[in-house]
Amino acid sequence: MFANAPFNKTITYKRLSAKRIYLSATAFLLLLLLLNISTKAQSTIELNEGWKCEKLADVHADGIQVSKINFPVINWLNATVPGTVLTTLLNNKQIPDPFWGMNNAHIKDIYDTGRDYYTYWFVKDFNQPIQTGKQVYLNLRGVNYSCELYLNGKKVNAQTHYGMFLRQRYNITALLSKNGNNRLAVLVYPPNPVGNPNGGQGGDGQIAKNVGLQYTAGWDWIQPMRDRNTGIWDKVTLETTGAIAITDPHVITLVPGIRQVNGVQQPATIKASTTLSNPTDKAVSGVLQFTIGGQKVVKSVIIAPRSNTEVALKDLLLTNPKLWWPNGYGGQYLYKSSIQFTTAGKLSDQQDVNVGVRQIETSWNEQTHSRQIAVNGQKIFIKGGNWIISDAMLRFLDARYDAEVRFHRNMNLNLIRVWGGALVERPEFYNACDKYGLLVFQDFWVSGDANGRWEDPMKKDDQWTRRKYPDDHKLYLESLADQVKMVRNHPSLAIWCGGNEITPPQDILLPVRDSILPKLDGTRWFVEYSNSDKMSLNTLGGNGDGPYGIQPDSLFWKQRTFPFNSEIGSVGINDIESLKRFIPTKNLVVPEFSKEKNKTKADSVWDYHKYIGYDAAIEPYGKASSVKDFADKAQLVNYNQYRALMEGFSAHMWDWYTGVIIWKTQNPWTAMRGQMYDYYLDPNACLYGLHSGSEPLHVMYNPLNGMVTIVNNTFETKRDMMLIVKTYDMQGKETVLTQVFEEMLPTSVKGFVPLKDDVSRLAKKEGVFLSMQLLDLQKNILSNNLYWLPDEKGEYSGLQKMAQAQVDIEARQVSPGKVEVTLTNPANAPLAFFNRLSLVNQQGGERLLPVFYSDNYVSILPGTQKTITLNYDPEKYKQTPAVSISGWNLKERTIAIK
């Protein structure tokens with residue numbers, strides 16, 4: 001009945017255990033040394049299995065009845081929670097995979113069906129015995145958009161809950177069944193209004209009247225989500241505590257002075273506080289304790305009955321702290337800390353917090369006229385990527401978050417901006433950013449498109465009306481404050497932003513800026529909107545971000561853009577293996593570009609998946625003979641675009657720019673633009689072009705004047721570096737242009753040797769390969785960069801006549817989940833150009849995903865050897881995989897792993 005993606009089940013992830021027990025980090029408390037103290041902490045159980053659901057229209061009973069354990073639900077659908085209605089329908093095979101082909105166009109849209117069509121009951125039976133002296137809480141981390149809750153025939157929430165981003169917490173102790181058998185019933189309503197998905201950014205804009213996602217009505221990189229992501233989309237947990245519960249702990253780290261990565265550190269100050277909740281009728285006395293790095297601080301407190309009390313502990317001075325640094329600058333040490341409350345010698349509650357000791361500051365750069373960021377006193381040149389959301393259907397998994405953020409680490413980026421048409425990202429995303437050293441620039445929930453910055457004929461309301469969105473400003477502020485509390489302890493969180501390309505309305509903006517953030521956080525830079533003049537002074541006119549689409553490589557070096565550009569980007573389709581995962585065979589057709597009309601015509605499925613043209617960029621490599629050839633040549637364009645982008649910005653570091661954020665580095669849907677890897681986590685050459693151009697220490701070629709330039713993004717002077725520059729012709733003949741020792745100061749960029757005339761002369765006839773390397777005194781390669789330059793006509797005529805490579809390939813299993821592939825090219829042979837490595841299933845040959853390559857799309861110079869490391873999860877692939885390799889002048893082959 002439905003055409004489903006043949007690759008849809010290739011990637012699977014396991015959630016973390018549904019039940020996690022948090023145990024005390026210490027056996028006794030400072031003030032109660034002589035007492036026999038129980039160290040059993042509260043238990044937290046995630047309710048993520050065994051849910052049932054049914055459409056509201058098909059349930060002829062109210063919440064009182066539905067939530068009784070004897071109400072029959074055996075014939076209801078097995079529900080996916082956390083998840084959306086659409087996810088449940090997909091998992092029950094009632095709709096086709098909306099990410100494949102044109103399937104999404106054939107799924108009923110809520111705008112046409114009405115909201116009742118996607119209004120559902122969700123039911124979960126669970127066992128929770130009543131325990132004397134214990135309190136039980138029901139926590140819902142996200143419901144879209146409003147809901148009613150019932151437990152065992154009784155109403156849980158006195159009033160309807162509204163707001164996609166507002167967490168819910170209910171003390172359900174008195175509602176639990178005496179026999180331990182309980183039923184939770186949740187009636188979930190979609191957003192209101194749902195918006196008309198008319199092709200505009202955010203459709204007709206009406207979706208922005210809610211405090212929720214805006215992309216669900218469609219954007220220029222995604223088709224609309226038909227249910228607008230209605231559902232219990234985030235985690236549901238049961239938490240058991242003693243009389244006193246700890247909520248929203250807050251840990252602040254202060255790291256004064258200018259710090260170095262290595263050596264003994266001066267102390268850091270740690271500030272800890274939390275809210276203590278006492279739902280009982282009696283005052284409770286006890287001890288609050290915070291522990292970190294073997295040090296602790298305690299405080300005796302009395303919590304009044306029926307109250308929530310904020311308690312701050314005295315400052316803790318952490319001696320010789322291990323610091324947290326952004327990717328590329330140092331390590332990401334995380335202290336395991338805990339906040340505990342004990343009463344009468346027993347542990348009532350405990351919350352654990354991973355603490356990264358670091359301090360983030362900003363200052364105005366008078367040279368660039370933009371803000372610059374410092375971490376632990378050291379200025380950081382921002383190399384970032386824009387992030388939408390991990391999955392458009394909100395299928396958030398810890399393993400996927402980890403893989404995506406790891407890819408950003410491997411691109412040598414140091415920041416991810418979370419775009420304002422989506423959400424405040426989940427703690428699991430922030431955990432990955434903490435782990436891999438990615439600073440986070442977190443937008444709140446407005447956008448210039450839906451919220452009225454521009455006149456737009458696609459919108460239902462005029463600009464004046466849209467400027468007041470959302471409808472409920474009180475709910476917006478309440479939701480924002482709640483989300484700040486949820487993620488504020490993460491060291492990766494660096495910047496709060498009022499919205500994408502526009503501020504929220506003034507009666508939201510001012511309380512956020514002047515009271516909410518100073519009170520609840522107070523340690524981070526707040527940008528009023530993503531391209532604010534206070535962040536990046538716009539003296540060029542226009543919107544303050546962009547351009548978008550393919551640019552000549554030299555333009556990134558030549559043309560000055562906005563000094564801290566929050567969005568600048570280009571293309572990003574993957575190769576044929578990726579395209580086959582979501583495009584039917586009949587639609588795998590090469591786009592046609594007309595030079596006369598300067599226009600590209602693409603297949604309808606390509607258009608539906610938001611393809612933007614490579615236009616004339618492919619033709620210098622030779623007209624594409626097939627869709628595979630087209631996609632392979634597109635990778636050459638991808639690599640050059642993103643390497644040139646980051647090199648051009650780095651070349652003007654601290655002179656023109658303090659940072660750049662690429663639009664965009666990932667897709668939550670099977671779109672065909674702006675991505676370094678596809679939805680299925682298969683990387684393309686964009687990723688490795690960025691990996692090269694974003695190296696902390698990088699040698700590069702200025703295409704304008706031929707200057708060999710080095711950028712040093714570390715805090716150390718780099719001495720005794722041998723700079724070697726060579727060219728290779730298409731037959732592999734080597735010409736040495738320079739070989740000289742050089743030195744580079746920290747956080748600086750400098751030109752060394754002008755080679756324009758020599759390189760142009762050598763490239764004139766059929767193009768040339770330009771090799772640049774930096775070596776240390778032990779001849780270890782510090783930076784390795786290879787350009788392929790066109791002939792005098794701007795064509796890669798020599799590449800089209802290259803002889804087959806003679807490279808030898810060996811793959812060996814170093815350890816479980818780690819393979820090393822060594823590529824050896826003999827002397828007097830042609831350069832082995834642009835080789836793609838893939839870990840594949842030995843039987844069927846399909847790529848295994850995700851796999852993390854130390855490098856890819858690699859070229860091997862004559863007479864040299866290169867080793868690439870592949871890392872993967874061995875638990876996912878029980879059979880021994882193999883390695884596939886193909887290149888520009890190397891026919892595809894599969895190599896067994898020894």
Side-chain angles (χ1 to χ4, degrees), residues 20-25 40-47 133-143 149 156-157 161 163 165-174 234-252 271-280 282-292 297-299 301-313 337-343 346-355 424 426-428 430-431 477-490 493 516-517 519-522:
R20 292 177 290 179
I21 307 298
Y22 297 90
L23 298 180
S24 172
K40 184 179 179 182
Q42 93 284 7
S43 65
T44 300
I45 304 171
E46 186 176 338
L47 303 182
K134 297 293 184 180
Q135 302 292 321
V136 180
Y137 295 88
L138 171 66
N139 302 307
L140 295 91
R141 211 168 69 178
V143 175
L149 291 92
V156 176
N157 54 338
H161 170 85
F165 305 129
L166 183 61
R167 292 177 295 171
Q168 301 174 67
R169 179 177 174 87
Y170 304 101
N171 189 320
I172 59 171
T173 310
D234 207 349
K235 293 183 178 182
V236 181
T237 58
L238 288 178
E239 178 186 342
T240 303
T241 74
I244 302 298
I246 295 172
T247 59
D248 300 319
H250 190 196
V251 180
I252 294 173
K271 295 176 174 288
S273 61
T274 192
T275 298
L276 299 177
S277 299
N278 180 6
T280 74
K282 297 180 180 180
V284 178
S285 62
V287 175
L288 183 66
Q289 172 179 286
F290 172 69
T291 305
I292 185 172
V297 59
V298 299
K299 185 174 185 177
V301 293
I302 299 175
I303 310 302
R306 303 287 178 185
S307 69
N308 296 311
T309 304
E310 291 187 25
V311 180
L313 292 159
S337 76
S338 67
I339 297 181
Q340 302 170 328
F341 185 84
T342 60
T343 178
K346 295 183 179 180
L347 184 64
S348 179
D349 199 5
Q350 173 176 316
Q351 294 287 337
D352 297 327
V353 180
N354 286 335
V355 177
V424 168
R426 303 298 87 195
E428 293 74 22
Y430 278 97
N431 288 341
L477 290 171
E478 186 179 0
S479 302
L480 185 147
D482 182 68
Q483 298 293 279
V484 169
K485 292 177 184 178
M486 184 179 73
V487 299
R488 63 187 175 184
N489 290 320
H490 291 276
L493 177 57
I516 293 176
L517 287 179
K519 178 183 177 181
L520 299 182
D521 185 354

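- The one candidate from Arg167, Gln351, Arg488 that meets the side chain to side chain donor-acceptor pair (under 3.5 Å) condition with Asp248 is Arg167.
- Closest of all the heavy-atom pairs between Arg169 and Ala245 is NH2-CB, 3.7 Å.
- Asp352 contributes atom CG, which lies 9.5 Å from atom CD1 of Ile339 (distance to the nearest 0.5 angstrom).
- Minimum heavy-atom separation, Phe165 to Gln483: O-NE2, 2.6 Å.
- The OG1 atom of Thr237 lies 7.5 Å from the CG atom of Leu47; values are rounded to the nearest 0.5 Å.
- Once rounded to the nearest 0.5 Å, the distance linking CD1 of Ile172 with OH of Tyr137 reads 11.0 Å.
- In this view, Arg306 and Asp281 satisfy the side chain to side chain contact (heavy atoms under 4.5 Å, CB included) rule, not counting sequence neighbours.
- Listed here is the closest heavy atom pair of Pro279 and Ala243: CD-O, 3.1 Å.
- Applying the salt bridge (charged side-chain N to carboxylate O under 4.0 Å, His left out) test to Asp521 and every residue at least two apart in sequence or in another chain returns Arg524.
- Between Ile246 and Ile244 there is no side-chain heavy-atom pair separated by less than 4.5 Å.
- With a 4.5 Å cut-off on side-chain heavy atoms, His490 and Asn354 do not count as touching.
- Two residues are said to be in side-chain contact when any heavy atoms from C-beta on lie closer than 4.5 Å; Thr309 and Val301 fail this criterion.
- Side-chain polar atoms of Tyr170 and Gln168 form a donor-acceptor pair below 3.5 angstrom.
- Distance alone, capped at 3.5 Å, is enough to place a donor-acceptor pair between the Ser337 side chain and the Val353 backbone.
- Scored by the side chain to side chain contact (heavy atoms under 4.5 Å, CB included) test, Ala304 finds Ser307 as partners (sequence neighbours excluded).
- A donor and an acceptor atom, one from each side chain of Glu239 and Asn139, are located under 3.5 Å apart.
- Under 3.5 Å, the side chains of Gln340 and Thr342 contain no donor-acceptor pair of N or O atoms.
- The side chain to side chain donor-acceptor pair (under 3.5 Å) with Ser277 is formed by just one residue from the set Asp349, Thr241, Asn308; it is Asn308.
- Scanning both residues, Ser273 and Ala312, for their nearest heavy atoms gives CB-CA, 3.8 Å.
- Under a 3.5 Å cut-off, the side chain of Thr240 and the backbone N or O of Val136 do not form any donor-acceptor pair.
- Among all heavy-atom pairs drawn from Thr247 and Thr274, the shortest one is O-OG1, 3.0 Å.
- The CG atom of Leu166 sits 5.0 Å away from the CD atom of Glu478 when rounded to the nearest 0.5 Å.
- In this structure, Asn278 CG and Phe341 CZ are separated by 8.5 Å, a value rounded to the nearest 0.5 Å.
- Using a 4.0 Å cut-off between charged nitrogen and carboxylate oxygen, Glu310 and Lys485 do not count as a salt-bridge pair.
- Note that CG of Asp234 and CE of Met486 are 7.0 Å apart. Values are rounded to the nearest 0.5 Å.
- Across all their heavy atoms, Leu313 and Leu288 have their closest contact at CD2-O, 3.7 Å.
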